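One structure below.
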Amino acid sequence: MLFRDRVLQVVSRIPPGRVATYGDVARMAGRARAARAVGTILRTATRRGLPYHRVVAAGGGLGGYGGHAEFKAALLAAEGIVVRKGRIQQFRQHLWPSPGK
DNA sequence: AAACTGACCAACG
DNA sequence: CCGTTGGCCAGTT
């Protein structure tokens, strides 16, 4: 199975209202250090019309959305995630699969 | 086939 | 808290 497909599968399993970081997705997809590649993959995916907006940057930033970060923020907001000053509030708690500590 | 490009990230200064 | 640096890897040119 292509790395791309595993990434898309993993992302599609992120429950609404939760988010995962690029690095986490990379890890779940089997390539712990491929966070960057995940970015390229999701970008092409968006171009295909798949709204993979639940993947955010480590540290609470939004990451990108092919130049449509506003839309991404709106989608997250619709799922109950508060984004302010480009940062996700209570980022740690929305994190999936595990809020960590 | 080789080089370039980024929705990344952690570590420094 | 910002900018830089080096490493990473799939996709695109």
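Every value quoted in this text rests on a predicted model; they were computed, and no experiment measured them. Naming: A, B, ... by sequence-line order, numbering from 1 per chain.
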Checking contacts here: which listed nucleotide ([options]) is nearest the side-chain heavy atoms of [X]?
X: A:Ala58; options: C:dG11, B:dA10, C:dC9; result: B:dA10
X: A:Ala57; options: B:dC9, B:dG6, C:dG11; result: B:dC9
X: A:Thr44; options: C:dA10, B:dC8, C:dG11; result: C:dG11

How about A:His53 and A:Glu79: does a side-chain donor come under 3.5 Å of a side-chain acceptor? yes
For [X] and [N], give me the distance from atom [atom1] to atom [atom2], rounded to whole Å.
X: A:Asp5; N: C:dA10; atom1: CG; atom2: P; result: 13 Å
X: A:Tyr52; N: C:dG11; atom1: OH; atom2: P; result: 14 Å
X: A:Leu2; N: C:dT12; atom1: CG; atom2: C1'; result: 15 Å
X: A:Arg31; N: C:dC8; atom1: CZ; atom2: P; result: 14 Å
X: A:Tyr22; N: B:dA10; atom1: OH; atom2: C1'; result: 17 Å
X: A:Arg43; N: C:dC9; atom1: CZ; atom2: P; result: 18 Å
X: A:Arg87; N: C:dC1; atom1: CZ; atom2: C1'; result: 11 Å
X: A:Arg27; N: B:dC9; atom1: CZ; atom2: C1'; result: 12 Å

Hydrophobic cluster membership, with links at side-chain heavy-atom distances under 4.5 Å among I/L/V/M/F/W/Y: are [X] and [Y] in one?
X: A:Ile14; Y: A:Tyr22; answer: yes
X: A:Tyr65; Y: A:Val55; answer: no
X: A:Trp96; Y: A:Leu42; answer: yes

Closer than 4.0 Å, any side-chain N/O of A:Arg4 to the OP1 or OP2 of C:dG11? yes
If the cut-off is 4.0 Å, is A:Arg47 near the phosphate of C:dT12, judged by side-chain N/O to OP1 or OP2?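 It does, given that an N or O in the side chain of A:Arg47 lies less than 4.0 Å from OP1 or OP2 of C:dT12.
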Exercise. Would you indicate what A:Phe3 reaches in the nucleic acid, counting non-hydrogen atoms under 4.0 angstrom: base, sugar-phosphate, or nothing?
Key: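 Answer is sugar-phosphate: A:Phe3 comes under 4.0 Å of backbone atoms only.
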With sugar-phosphate meaning primed atoms plus P, OP1 and OP2, does A:Leu42 contact a base, only sugar-phosphate, or nothing at under 4.0 Å between heavy atoms? base
### Query
Does A:Gly59 or A:Tyr65 map to a spot on DNA chain B nearer the 5' end, using the closest nucleotide for each?
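In this pair, the answer is A:Tyr65.
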- Distance-only donor-acceptor test, A:Arg33 side-chain atoms vs C:dC8 base atoms, 3.5 Å: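 Side chain to base: no pair present.
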Do A:Arg36 and B:dG6 have a side chain to base donor-acceptor pair shorter than 3.5 Å?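 Indeed, a donor on one side and an acceptor on the other fall under 3.5 Å apart.
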Test item: A:Arg54 side-chain N/O and A:Arg13 main-chain N/O as donor-acceptor pair under 3.5 Å:
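The answer is no, because no donor-acceptor pair under 3.5 Å joins these two groups.
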